[in-house]
**Student:** 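Encoded as structure tokens, here's the structure I'll be asking about.
Along the sequence shown, the residues carry numbers beginning at 1.
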Amino acid sequence: MTHTALAAVANEAQAWFDSYVETFVGLAAKGSTDPAPLLDCFSVPISMTTGTAHTVLTSAEALSQGLAHELRALRDADYGGSEALDPVVRVLNERAAQIEVTWARQDSQQREFQRVRVLYLAARTEAGWRTVASVILAD
């Protein structure tokens, strides 16, 4: 691939990720626990790895439940908003990108209660870009 083609892939992946961030933050800030607007951002199956667990969600229902659980946890944390700090998009090929970002999450009083670095593996599918794996990175 040419440098120009790689740049176009990076721009597509960045635009898709920005849309995901806007959707996720908007839902969470409203206290919504309905994950439906987020489902198209993820592929099934999807692999998720944290510092304590590795999970593979193999159905749309399991994905929906997982996202709803995350939205409920943020609502319970008195979520006010997030900043996606220093996102880095690395193009792997014309159909895949790695996106690394730090989430700085604040409560409704704008006090930061969580900062976590996450790596997303995104794939361009026939339906558009989708997250196929995510990993919470060590501090």
Side-chain angles (χ1 to χ4, degrees):
M1 286 184 67
T2 65
H3 179 70
T4 303
L6 289 176
V9 173
N11 288 340
E12 283 182 22
Q14 180 73 56
W16 163 78
F17 186 71
D18 291 346
S19 173
Y20 162 70
V21 169
E22 183 179 326
T23 302
F24 179 82
V25 171
L27 283 175
K30 287 190 270 187
S32 175
T33 58
D34 178 7
L38 293 172
L39 294 178
D40 285 345
C41 297
F42 296 87
S43 179
V44 174
I46 178 170
S47 172
M48 297 180 176
T49 305
T50 67
T52 58
H54 174 74
T55 307
V56 179
L57 302 176
T58 58
S59 71
E61 182 180 339
L63 173 61
S64 181
Q65 289 172 357
L67 291 170
H69 174 77
E70 185 171 359
L71 289 170
R72 279 193 304 273
L74 289 173
R75 182 195 59 196
D76 294 346
D78 189 28
Y79 182 85
S82 288
E83 289 183 71
L85 305 175
D86 60 7
V88 177
V89 176
R90 294 182 187 93
V91 175
L92 303 177
N93 60 39
E94 63 274 7
R95 300 193 66 80
Q98 186 178 290
I99 301 170
E100 192 174 324
V101 64
T102 298
W103 288 100
R105 292 178 171 162
Q106 299 102 19
D107 64 16
S108 63
Q109 304 301 310
Q110 299 306 301
R111 294 177 299 228
E112 188 175 301
F113 68 87
Q114 184 184 48
R115 185 171 285 215
V116 62
R117 189 87 177 150
V118 181
L119 177 75
Y120 298 90
L121 179 60
R124 183 171 27 191
T125 70
E126 290 180 7
W129 286 92
R130 300 288 188 265
T131 300
V132 295
S134 67
V135 178
I136 295 180
L137 302 173
D139 293 334

**Student:** Could you pull out all residues at least two apart from Leu85 that satisfy side-chain contact (heavy atoms from CB on, under 4.5 Å)?
**Tutor:**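 In terms of side-chain contact (heavy atoms from CB on, under 4.5 Å), with neighbours along the sequence ignored, Leu85 is linked to Glu83, Thr102, Ala104, Arg115.
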
**Student:** Under 4.5 Å between any side-chain heavy atoms of Thr131 and Tyr20, yes or no?
**Tutor:**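 A side-chain contact under 4.5 Å is absent here.
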
**Student:** The test is side-chain contact (heavy atoms from CB on, under 4.5 Å); show your working for Val118 and Ile136 and say whether it passes.
**Tutor:** CA-CA 5 Å; Val118 181; Ile136 295 180; 4.3 Å; yes

**Student:** Between Leu27 and Tyr79, does a side-chain contact (heavy atoms from CB on, under 4.5 Å) hold up when you go through it step by step?
**Tutor:** CA-CA 10 Å; Leu27 283 175; Tyr79 182 85; over 6 Å; no

**Student:** Does the side chain of Thr125 reach to within under 4.5 Å of the side chain of Val132, using non-hydrogen atoms?
**Tutor:**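 In short, these two side chains do not touch, never coming nearer than 4.5 Å.
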
**Student:** Between Phe42 and Tyr120, is the ring centroid distance below 6.0 Å?
**Tutor:** no

**Student:** How many angstroms lie between atom CG of Leu71 and atom CG of Leu67, to the nearest 0.5 angstrom?
**Tutor:** 6.5 Å

**Student:** Would you confirm whether Thr23, through its side chain, and Ser19, through its main-chain N or O, come within 3.5 Å as a donor-acceptor pair?
**Tutor:**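 Here the side-chain-to-backbone pair exists.
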
**Student:** Do Trp129 side-chain atoms and Trp16 backbone N/O form a donor-acceptor pair below 3.5 Å?
**Tutor:**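 Between the backbone of Trp16 and the side chain of Trp129 there is no qualifying donor-acceptor contact (under 3.5 Å).
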
**Student:** Quick one: do Asp86 and Arg117 make a salt bridge, cutoff under 4.0 Å?
**Tutor:** yes

**Student:** What distance separates Asn11 CG from Gln14 CD, expressed to the nearest 0.5 Å?
**Tutor:** 8.0 Å

**Student:** Could you tell me which non-hydrogen atom of Gln106 sits nearest to which non-hydrogen atom of Ser82, and how far apart they are?
**Tutor:**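 Smallest interatomic distance, heavy atoms only, reads OE1-N, 3.7 Å.
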
**Student:** Does atom CD of Glu22 have more than 12 heavy-atom neighbours, drawn from other residues, nucleotides or ligands, at distances under 6.0 Å?
**Tutor:** no

**Student:** In Å and rounded to the nearest 0.5 Å, what is the CG to CG distance from Leu74 to Asp107?
**Tutor:**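 Rounded to the nearest 0.5 Å, the CG-CG separation comes to 11.5 Å.
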
**Student:** Count the heavy atoms belonging to other residues, nucleotides or ligands that lie under 6.0 Å from CD of Glu61, then report whether that count exceeds 12.
**Tutor:** no

**Student:** Let me confirm one number: the CD1-OG1 distance from Ile46 to Thr58, rounded to the nearest 0.5 Å.
**Tutor:** 12.0 Å

**Student:** Among residues at least two apart in sequence or on other chains, which ones pass side-chain contact (heavy atoms from CB on, under 4.5 Å) with Asp40?
**Tutor:**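 For Asp40 the side-chain contact (heavy atoms from CB on, under 4.5 Å) partners, ignoring immediate neighbours, are Arg130.
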
